Amino acid sequence: MNIKVIGTGCDKCDALYANVQEAVANLGLQADIEKVEDLVQIVRLGVMQSPSLMVDGRLVSAGRELKTKQVEKLLKKAL
């Protein structure tokens with residue numbers, strides 16, 4: 001599983017990244033978690049709001065900070 005946390009480095013982006021790490025650990029998943037902060041790369045991904053969450057190339061959340069339990073639900077759906 002490839003997970004991208006997309007944002008420009010704001011507090012909400014950092015919180016989402018931490019929550020994603022916790023959710024992956026709680027679920028015992030094997031996942032590559034990447035933090036994307038480069039504006040050019042964000043535009044290439046087609047993301048217009050931050051923070052955003054992308055799982056296996058699919059945008060699953062945009063413009064809001066998700067709590068750990070919310071991330072877990074999204075990851076379970078992506079399996």
Side-chain angles (χ1 to χ4, degrees):
M1 180 176 283
N2 183 284
I3 302 170
K4 294 181 190 312
V5 177
I6 304 161
T8 56
C10 63
D11 290 340
K12 288 183 180 182
C13 301
D14 293 339
L16 178 58
Y17 183 73
N19 292 343
V20 167
Q21 288 179 314
E22 187 177 344
V24 167
N26 289 348
L27 296 172
L29 298 175
Q30 294 282 12
D32 293 321
I33 305 170
E34 180 183 354
K35 194 173 189 184
V36 180
E37 294 180 326
D38 179 59
L39 192 54
V40 173
Q41 193 174 4
I42 291 170
V43 171
R44 283 188 186 142
L45 290 170
V47 174
M48 299 299 172
Q49 296 176 316
S50 69
S52 292
L53 182 63
M54 190 173 277
V55 179
D56 292 331
R58 195 172 134 251
L59 192 64
V60 295
S61 175
R64 62 190 191 128
E65 175 192 338
L66 300 172
K67 302 295 181 200
T68 303
K69 292 293 181 190
Q70 292 172 307
V71 175
E72 288 176 9
K73 283 183 183 181
L74 289 173
L75 294 180
K76 285 178 186 177
K77 279 186 183 179
L79 291 175

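No experiment lies behind these values; they were computed from the predicted model shown.
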#### Entry: Leu75 and Met1, any side-chain heavy atoms less than 4.5 Å apart
yes
### Task
Determine the minimum heavy-atom distance between Cys13 and Cys10, stating which atoms define it.
SG-SG, 2.8 Å
### Task
Would you indicate whether the side-chain heavy atoms of Val36 and Val5 approach each other to under 4.5 Å?
no
### Query
Side-chain contact, heavy-atom cut-off 4.5 Å: Lys35 with Asp14?
yes
#### Entry: 4.5 Å side-chain heavy-atom contact, Ser50 and Ile42
no
### Task
Measure the spacing between CG of Leu45 and CG of Leu59 and express it to the nearest 0.5 Å.
9.0 Å
### Task
Calculate, to the nearest 0.5 Å, the distance between atoms CD and CD belonging to Gln70 and Glu65 respectively.
9.0 Å
### Task
Check the pair Lys69 / Glu72 against side-chain contact (heavy atoms from CB on, under 4.5 Å), numbers first and verdict last.
CA-CA 5 Å; Lys69 292 293 181 190; Glu72 288 176 9; 3.6 Å; yes
### Query
Within the distance-only criterion (no hydrogens, no angle test), does the side chain of Asp56 pair as donor or acceptor with the backbone N or O of Asn2 below 3.5 angstrom?
yes
### Query
Should Ile3 and Val24 be marked as a side-chain contact (heavy atoms from CB on, under 4.5 Å) after you check the CA-CA gap, both sets of side-chain angles, and the distance that decides it?
CA-CA 10 Å; Ile3 302 170; Val24 167; 3.7 Å; yes
### Message
Taking atom CG as the centre, does Asp38 end up with more than 12 heavy-atom neighbours from other residues, nucleotides or ligands that are less than 6.0 angstrom away?
### Response
yes
### Message
Please say yes or no: joined through hydrophobic side-chain contacts below 4.5 Å, possibly via intermediate residues, are Ile6 and Ile33 part of one cluster?
### Response
no
### Task
Given side-chain contact (heavy atoms from CB on, under 4.5 Å), test Leu27 with Leu79 step by step and report yes or no.
CA-CA 11 Å; Leu27 296 172; Leu79 291 175; 6.0 Å; no
### Message
Would you compute the distance between atom CD of Gln41 and atom CD of Glu34 and round it to the nearest 0.5 angstrom?
### Response
5.5 Å
### Task
Can you measure from NZ (Lys4) to CG (Leu53) and round to the nearest 0.5 angstrom?
11.5 Å
### Query
With a 4.5 Å limit on heavy-atom distance, are the side chains of Asn19 and Leu66 in contact?
no
